[in-house]
Novice: 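Got a structure here, written out as structure tokens. Questions coming.
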Amino acid sequence: MAGRDDNLLHKPIVIIGAPRSGTTMLTRIFRLHPQIAVLVEPRLTWRYGNDGKSDMLLPSDARAEVCRNIRQSFA
């Protein structure tokens, strides 16, 4: 039986912003809502397994272990 959290992760909304664009303020606002999850340092989540690369990741960088880690981080 799928848990309630599984349904929440089925269609997540991911918001990405450029540095110095107000993402810190937006994060603080979202943290006030009890049903919204906010990652503290999402950049590290996206770069997992690709630490030696720049932030310009390619679809081929989304290997199975990387995708598992991202899903676990969001869960």
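In what follows, residues are counted from 1 in the order of the sequence shown.
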Novice: Count I, L, V, M, F, W, Y as connected when their side-chain heavy atoms are under 4.5 Å apart, and connections chain through other members. Are Phe30 and Met25 then in the same cluster?
Specialist: no
Novice: Which atom names give the shortest non-hydrogen contact between Ala62 and Cys67, and what distance separates them?
Specialist: O-SG, 3.5 Å
Novice: First locate atom OG1 of Thr23, then atom CZ of Arg28, and finally report the distance between them rounded to the nearest 0.5 Å.
Specialist: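 One finds 10.0 Å between OG1 of Thr23 and CZ of Arg28.
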Novice: Rounded at 0.5 Å granularity, tell me how far CG in Asn50 sits from CG in Leu57.
Specialist: 5.0 Å
Novice: Would a distance-only check, ignoring hydrogens and angles, find a side-chain to backbone donor-acceptor pair under 3.5 Å from Asn69 to Val66?
Specialist: no
